[in-house]
Number of protein chains: 2
Amino acid sequence: MKPLQSFDELAVGQRFTFGSFTLTEAEIIAYAEKFDPQPFHTDPIAARSAPLFGGLVASGLHTMGACFSLILGSGLFREISLGGSEINTKWPAPLRPDEAVAVESIVESLKPSRSRPELGVAVLRHLGTRSRDQQLVIEMAATHFLKR
Amino acid sequence: MKPLQSFDELAVGQRFTFGSFTLTEAEIIAYAEKFDPQPFHTDPIAARSAPLFGGLVASGLHTMGACFSLILGSGLFREISLGGSEINTKWPAPLRPDEAVAVESIVESLKPSRSRPELGVAVLRHLGTRSRDQQLVIEMAATHFLKR
(Lines give C-alpha, C1' and ligand atoms only; values in the text may rest on other atoms or scores of the structure.)
Protein backbone atom coordinates (compact mmCIF):
# COMPACT_ATOMS: atom_id res chain seq x y z
CA MET A 1 0.00 0.00 0.00
CA LYS A 2 1.08 3.57 -0.58
CA PRO A 3 2.60 4.80 2.68
CA LEU A 4 0.84 7.65 4.45
CA GLN A 5 3.14 10.67 4.90
CA SER A 6 1.39 12.31 7.86
CA PHE A 7 -1.17 11.81 10.62
CA ASP A 8 -3.03 14.71 8.97
CA GLU A 9 -3.88 12.57 5.92
CA LEU A 10 -6.21 10.48 8.10
CA ALA A 11 -9.91 11.19 8.68
CA VAL A 12 -12.29 9.73 11.25
CA GLY A 13 -14.34 6.92 9.71
CA GLN A 14 -11.72 6.11 7.07
CA ARG A 15 -11.37 2.37 6.47
CA PHE A 16 -8.40 0.34 5.20
CA THR A 17 -8.42 -3.33 4.18
CA PHE A 18 -5.32 -5.51 4.42
CA GLY A 19 -6.24 -8.86 2.87
CA SER A 20 -6.51 -12.00 4.99
CA PHE A 21 -4.46 -14.59 6.85
CA THR A 22 -4.86 -18.17 8.03
CA LEU A 23 -3.02 -19.94 10.82
CA THR A 24 -2.18 -23.61 10.39
CA GLU A 25 -2.46 -26.11 13.24
CA ALA A 26 1.34 -26.35 13.34
CA GLU A 27 1.70 -22.54 13.54
CA ILE A 28 -0.93 -22.31 16.30
CA ILE A 29 0.82 -24.99 18.36
CA ALA A 30 4.31 -23.54 17.86
CA TYR A 31 3.20 -20.04 18.90
CA ALA A 32 1.30 -21.22 21.96
CA GLU A 33 4.06 -23.52 23.19
CA LYS A 34 6.22 -20.43 23.43
CA PHE A 35 3.81 -17.71 24.55
CA ASP A 36 0.48 -19.18 25.71
CA PRO A 37 0.99 -22.78 26.84
CA GLN A 38 -2.53 -24.14 27.38
CA PRO A 39 -3.83 -27.49 26.06
CA PHE A 40 -6.58 -25.93 23.92
CA HIS A 41 -3.82 -24.06 22.04
CA THR A 42 -1.11 -26.75 21.99
CA ASP A 43 -2.67 -30.25 22.02
CA PRO A 44 -5.29 -31.15 19.37
CA ILE A 45 -6.36 -34.31 21.26
CA ALA A 46 -6.66 -32.72 24.73
CA ALA A 47 -8.36 -29.69 23.12
CA ARG A 48 -11.34 -31.86 22.12
CA SER A 49 -12.45 -31.94 25.74
CA ALA A 50 -11.96 -28.17 26.32
CA PRO A 51 -15.38 -27.04 27.66
CA LEU A 52 -15.57 -23.72 25.79
CA PHE A 53 -13.82 -24.64 22.54
CA GLY A 54 -14.15 -28.39 21.89
CA GLY A 55 -11.05 -28.31 19.71
CA LEU A 56 -7.78 -26.53 19.02
CA VAL A 57 -8.03 -22.73 18.78
CA ALA A 58 -5.41 -20.05 18.17
CA SER A 59 -3.97 -18.11 21.10
CA GLY A 60 -5.57 -14.68 21.13
CA LEU A 61 -2.06 -13.18 21.17
CA HIS A 62 -1.26 -15.07 17.99
CA THR A 63 -4.37 -13.66 16.31
CA MET A 64 -3.29 -10.16 17.38
CA GLY A 65 0.14 -10.75 15.89
CA ALA A 66 -1.25 -12.13 12.63
CA CYS A 67 -3.40 -8.99 12.25
CA PHE A 68 -0.49 -6.65 12.97
CA SER A 69 1.70 -8.60 10.59
CA LEU A 70 -0.72 -7.74 7.76
CA ILE A 71 -1.44 -4.17 8.89
CA LEU A 72 2.18 -3.16 9.43
CA GLY A 73 3.51 -5.36 6.64
CA SER A 74 1.26 -3.44 4.21
CA GLY A 75 3.54 -0.41 4.50
CA LEU A 76 0.60 1.97 5.04
CA PHE A 77 2.00 3.26 8.34
CA ARG A 78 5.69 2.75 7.53
CA GLU A 79 6.60 6.44 7.35
CA ILE A 80 4.49 7.69 10.25
CA SER A 81 4.20 4.99 12.95
CA LEU A 82 6.12 6.08 16.03
CA GLY A 83 4.77 3.53 18.53
CA GLY A 84 1.70 2.88 20.65
CA SER A 85 0.63 2.91 24.27
CA GLU A 86 -2.56 0.90 24.67
CA ILE A 87 -4.66 -1.79 22.99
CA ASN A 88 -8.05 -2.97 24.16
CA THR A 89 -8.68 -6.37 22.59
CA LYS A 90 -11.78 -8.55 22.45
CA TRP A 91 -12.05 -12.02 20.98
CA PRO A 92 -15.80 -12.53 20.35
CA ALA A 93 -15.34 -16.00 18.82
CA PRO A 94 -12.55 -18.60 18.67
CA LEU A 95 -10.30 -18.99 15.63
CA ARG A 96 -9.55 -22.56 14.48
CA PRO A 97 -6.77 -23.80 12.17
CA ASP A 98 -6.97 -22.95 8.46
CA GLU A 99 -9.83 -20.46 8.83
CA ALA A 100 -9.26 -17.33 6.73
CA VAL A 101 -9.53 -14.02 8.59
CA ALA A 102 -9.97 -10.73 6.71
CA VAL A 103 -8.32 -7.74 8.39
CA GLU A 104 -9.44 -4.12 8.22
CA SER A 105 -8.84 -0.96 10.25
CA ILE A 106 -11.17 1.94 10.87
CA VAL A 107 -10.03 5.36 12.07
CA GLU A 108 -11.94 5.95 15.28
CA SER A 109 -10.46 9.16 16.66
CA LEU A 110 -7.68 11.61 15.86
CA LYS A 111 -6.12 14.03 18.28
CA PRO A 112 -3.05 16.20 17.71
CA SER A 113 -0.70 15.88 20.66
CA ARG A 114 -0.59 18.98 22.85
CA SER A 115 2.77 18.20 24.41
CA ARG A 116 4.44 17.04 21.16
CA PRO A 117 3.28 19.06 18.13
CA GLU A 118 5.22 16.77 15.78
CA LEU A 119 2.84 13.87 16.41
CA GLY A 120 -0.82 12.94 16.62
CA VAL A 121 -2.66 10.32 18.63
CA ALA A 122 -4.91 8.06 16.56
CA VAL A 123 -7.24 5.38 17.88
CA LEU A 124 -7.61 2.75 15.19
CA ARG A 125 -10.13 -0.07 15.45
CA HIS A 126 -8.54 -3.17 13.92
CA LEU A 127 -11.01 -5.92 13.04
CA GLY A 128 -10.50 -9.56 12.04
CA THR A 129 -13.50 -11.25 10.42
CA ARG A 130 -13.71 -14.98 9.72
CA SER A 131 -14.39 -15.27 6.00
CA ARG A 132 -16.58 -18.40 6.03
CA ASP A 133 -19.35 -16.88 8.17
CA GLN A 134 -18.48 -13.18 8.56
CA GLN A 135 -18.05 -13.69 12.32
CA LEU A 136 -15.77 -11.18 14.04
CA VAL A 137 -12.98 -13.10 15.79
CA ILE A 138 -10.89 -10.17 17.03
CA GLU A 139 -11.47 -6.48 17.65
CA MET A 140 -8.73 -4.15 18.86
CA ALA A 141 -8.97 -0.49 19.79
CA ALA A 142 -5.35 0.58 19.50
CA THR A 143 -3.75 3.91 20.41
CA HIS A 144 -1.07 4.83 17.87
CA PHE A 145 1.37 7.73 17.89
CA LEU A 146 1.73 8.97 14.31
CA LYS A 147 4.07 11.53 12.77
CA ARG A 148 2.51 14.77 11.47
CA MET B 1 3.36 -23.65 41.37
CA LYS B 2 0.62 -25.76 42.91
CA PRO B 3 -2.30 -25.71 40.47
CA LEU B 4 -5.53 -24.12 41.65
CA GLN B 5 -8.43 -26.58 41.55
CA SER B 6 -11.32 -24.11 41.33
CA PHE B 7 -12.26 -20.51 40.63
CA ASP B 8 -13.62 -20.51 44.19
CA GLU B 9 -10.11 -20.74 45.66
CA LEU B 10 -9.41 -17.20 44.44
CA ALA B 11 -10.08 -14.02 46.44
CA VAL B 12 -10.12 -10.40 45.31
CA GLY B 13 -6.81 -8.72 46.11
CA GLN B 14 -4.85 -11.99 46.03
CA ARG B 15 -1.43 -11.61 44.41
CA PHE B 16 0.76 -14.17 42.65
CA THR B 17 4.38 -13.72 41.53
CA PHE B 18 5.86 -15.60 38.59
CA GLY B 19 9.55 -14.72 38.51
CA SER B 20 11.01 -12.66 35.68
CA PHE B 21 12.00 -12.77 32.03
CA THR B 22 14.36 -10.93 29.71
CA LEU B 23 14.18 -10.64 25.93
CA THR B 24 17.42 -10.59 23.96
CA GLU B 25 17.94 -8.32 20.96
CA ALA B 26 17.83 -11.37 18.67
CA GLU B 27 14.52 -12.54 20.20
CA ILE B 28 12.99 -9.06 19.92
CA ILE B 29 13.97 -8.82 16.24
CA ALA B 30 12.79 -12.35 15.36
CA TYR B 31 9.39 -11.83 17.00
CA ALA B 32 8.81 -8.44 15.40
CA GLU B 33 9.88 -9.53 11.92
CA LYS B 34 7.02 -12.02 12.07
CA PHE B 35 4.31 -10.16 14.00
CA ASP B 36 5.12 -6.45 14.33
CA PRO B 37 7.45 -5.38 11.51
CA GLN B 38 8.51 -1.85 12.43
CA PRO B 39 12.11 -0.54 12.37
CA PHE B 40 12.17 0.30 16.10
CA HIS B 41 11.48 -3.41 16.77
CA THR B 42 13.57 -4.99 13.99
CA ASP B 43 16.56 -2.77 13.12
CA PRO B 44 18.95 -1.65 15.91
CA ILE B 45 20.58 0.97 13.67
CA ALA B 46 17.39 2.51 12.28
CA ALA B 47 15.87 2.36 15.78
CA ARG B 48 18.41 4.92 17.03
CA SER B 49 16.54 7.64 15.16
CA ALA B 50 13.07 6.53 16.35
CA PRO B 51 11.63 9.74 17.89
CA LEU B 52 9.92 8.12 20.88
CA PHE B 53 12.35 5.31 21.66
CA GLY B 54 15.84 6.24 20.44
CA GLY B 55 16.78 2.56 20.24
CA LEU B 56 15.46 -0.96 19.77
CA VAL B 57 12.45 -1.84 21.94
CA ALA B 58 10.38 -5.01 22.23
CA SER B 59 7.06 -5.27 20.41
CA GLY B 60 4.28 -4.83 22.95
CA LEU B 61 2.79 -8.11 21.73
CA HIS B 62 6.07 -9.84 22.50
CA THR B 63 6.02 -8.45 26.05
CA MET B 64 2.44 -9.73 26.45
CA GLY B 65 3.52 -13.18 25.27
CA ALA B 66 6.56 -13.25 27.56
CA CYS B 67 4.30 -12.46 30.53
CA PHE B 68 1.77 -15.14 29.60
CA SER B 69 4.56 -17.62 29.04
CA LEU B 70 5.56 -17.21 32.70
CA ILE B 71 2.02 -16.98 34.10
CA LEU B 72 0.64 -19.99 32.24
CA GLY B 73 3.91 -21.92 32.30
CA SER B 74 3.81 -21.73 36.13
CA GLY B 75 0.98 -24.27 36.16
CA LEU B 76 -1.11 -22.17 38.59
CA PHE B 77 -4.10 -22.04 36.22
CA ARG B 78 -3.47 -25.38 34.48
CA GLU B 79 -6.51 -27.18 35.92
CA ILE B 80 -8.99 -24.31 35.74
CA SER B 81 -8.22 -22.06 32.75
CA LEU B 82 -10.96 -22.43 30.13
CA GLY B 83 -10.13 -19.41 27.96
CA GLY B 84 -10.56 -15.66 27.90
CA SER B 85 -12.48 -12.99 26.04
CA GLU B 86 -10.82 -9.62 26.55
CA ILE B 87 -7.52 -7.99 27.52
CA ASN B 88 -6.95 -4.29 28.00
CA THR B 89 -3.23 -3.67 27.75
CA LYS B 90 -1.13 -0.60 28.48
CA TRP B 91 2.59 -0.20 27.92
CA PRO B 92 3.61 2.76 30.15
CA ALA B 93 7.32 2.52 29.23
CA PRO B 94 9.38 0.80 26.54
CA LEU B 95 11.24 -2.46 27.15
CA ARG B 96 14.77 -2.73 25.77
CA PRO B 97 16.90 -5.85 25.18
CA ASP B 98 18.22 -7.73 28.22
CA GLU B 99 16.16 -5.80 30.77
CA ALA B 100 14.67 -8.12 33.40
CA VAL B 101 10.91 -7.83 33.93
CA ALA B 102 9.24 -9.26 37.05
CA VAL B 103 5.72 -10.58 36.48
CA GLU B 104 2.87 -10.66 38.97
CA SER B 105 -0.91 -11.00 38.83
CA ILE B 106 -3.52 -9.49 41.13
CA VAL B 107 -7.09 -10.75 41.35
CA GLU B 108 -9.23 -7.73 40.55
CA SER B 109 -12.76 -9.10 40.36
CA LEU B 110 -14.54 -12.45 40.58
CA LYS B 111 -18.02 -13.18 39.29
CA PRO B 112 -19.68 -16.58 39.06
CA SER B 113 -21.21 -17.00 35.60
CA ARG B 114 -25.00 -16.83 35.58
CA SER B 115 -25.44 -18.65 32.28
CA ARG B 116 -22.80 -21.33 32.98
CA PRO B 117 -22.72 -22.37 36.66
CA GLU B 118 -19.65 -24.56 36.05
CA LEU B 119 -17.45 -21.51 35.53
CA GLY B 120 -16.53 -18.13 36.96
CA VAL B 121 -15.33 -14.94 35.31
CA ALA B 122 -12.15 -13.49 36.83
CA VAL B 123 -10.50 -10.23 35.92
CA LEU B 124 -6.79 -10.54 36.64
CA ARG B 125 -4.42 -7.59 36.47
CA HIS B 126 -1.11 -8.86 35.11
CA LEU B 127 1.83 -6.52 35.72
CA GLY B 128 5.34 -6.50 34.33
CA THR B 129 7.86 -4.37 36.24
CA ARG B 130 11.35 -3.57 34.98
CA SER B 131 13.69 -4.76 37.72
CA ARG B 132 16.43 -2.11 37.39
CA ASP B 133 14.16 0.86 38.22
CA GLN B 134 10.81 -0.64 39.28
CA GLN B 135 9.14 0.99 36.26
CA LEU B 136 5.96 -0.72 35.08
CA VAL B 137 6.41 -1.69 31.41
CA ILE B 138 3.15 -3.58 30.87
CA GLU B 139 -0.22 -3.73 32.57
CA MET B 140 -3.01 -6.02 31.38
CA ALA B 141 -6.56 -6.31 32.71
CA ALA B 142 -7.53 -9.75 31.41
CA THR B 143 -10.91 -11.48 31.57
CA HIS B 144 -10.45 -15.20 32.25
CA PHE B 145 -13.04 -17.97 32.31
CA LEU B 146 -12.12 -20.36 35.14
CA LYS B 147 -13.55 -23.76 36.14
CA ARG B 148 -15.45 -23.93 39.45
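By convention in this document, chain letters (A, B, ...) are assigned in the order of the sequence lines, proteins followed by strands, and residues within each chain are numbered from 1.
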Applying a strict 4.5 Å limit to non-hydrogen atoms, the region of A:Ala66 in contact with chain B is backbone
Kindly work out whether a path of hydrophobic side-chain contacts (I/L/V/M/F/W/Y, heavy atoms less than 4.5 Å apart) joins B:Val121 to A:Phe40.
-> yes
Which of A:Ala50, A:Ala32, A:Gly83, A:Ser81 touches chain B most, by non-hydrogen pairs under 4.5 Å | A:Ser81
Do A:Val103 and A:Val137 share a hydrophobic cluster, counting only Ile, Leu, Val, Met, Phe, Trp and Tyr and linking them when any side-chain heavy atoms are less than 4.5 Å apart?
-> yes
Heavy atoms only: give me the nearest A:Arg116-B:Pro51 pair and the separation to one decimal.
-> NH2-O, 3.9 Å
Tell me whether B:Phe7 is reachable from B:Val107 by hopping between hydrophobic residues (I, L, V, M, F, W, Y) whose side-chain heavy atoms are closer than 4.5 Å.
-> yes
Would a hydrophobic clustering, with Ile, Leu, Val, Met, Phe, Trp and Tyr connected at side-chain separations under 4.5 Å, put A:Trp91 with A:Leu127?
-> no
Using non-hydrogen atoms only, which part of A:Leu119 is less than 4.5 Å away from chain B: side chain, backbone, both, or neither?
-> side chain
Nearest-0.5 Å distance, CD of residue A:Glu139 to CD of residue B:Glu86 = 9.5 Å
Which portion of B:Phe77 sits near chain A, non-hydrogen atoms under 4.5 angstrom | neither
Heavy-atom proximity to chain B below 4.5 Å, by part of A:Lys147 = neither
Among B:Thr89, B:Asp36, B:Ile138, B:Thr143, who wins on heavy-atom pairs under 4.5 Å with chain A?
-> B:Thr89
Heavy-atom pair with the smallest gap, counting every atom of A:Leu61 and B:Gly65 = CD1-CA, 3.6 Å
Would a line drawn from the ring center of B:Phe35 to the ring center of A:Phe35 be shorter than 6.0 Å?
-> no
Co-membership, hydrophobic cluster, residues A:Phe16 and A:Val12, 4.5 Å side-chain = yes
Rounding to 0.5 Å, atoms CE (A:Met140) and CG (B:Asn88) come to a distance of 13.0 Å
Of all heavy-atom pairs linking B:Gly73 and A:Pro37, the shortest is N-CG, 3.9 Å
Where does A:Arg78 contact chain B at under 4.5 Å (heavy atoms): side chain, backbone, both or neither?
-> neither
Residue A:Phe53 versus chain B: region with a heavy atom under 4.5 Å = side chain
Largest heavy-atom contact set with chain B, pairs under 4.5 Å, which of A:Val57, A:Leu70, A:Leu52 = A:Leu52
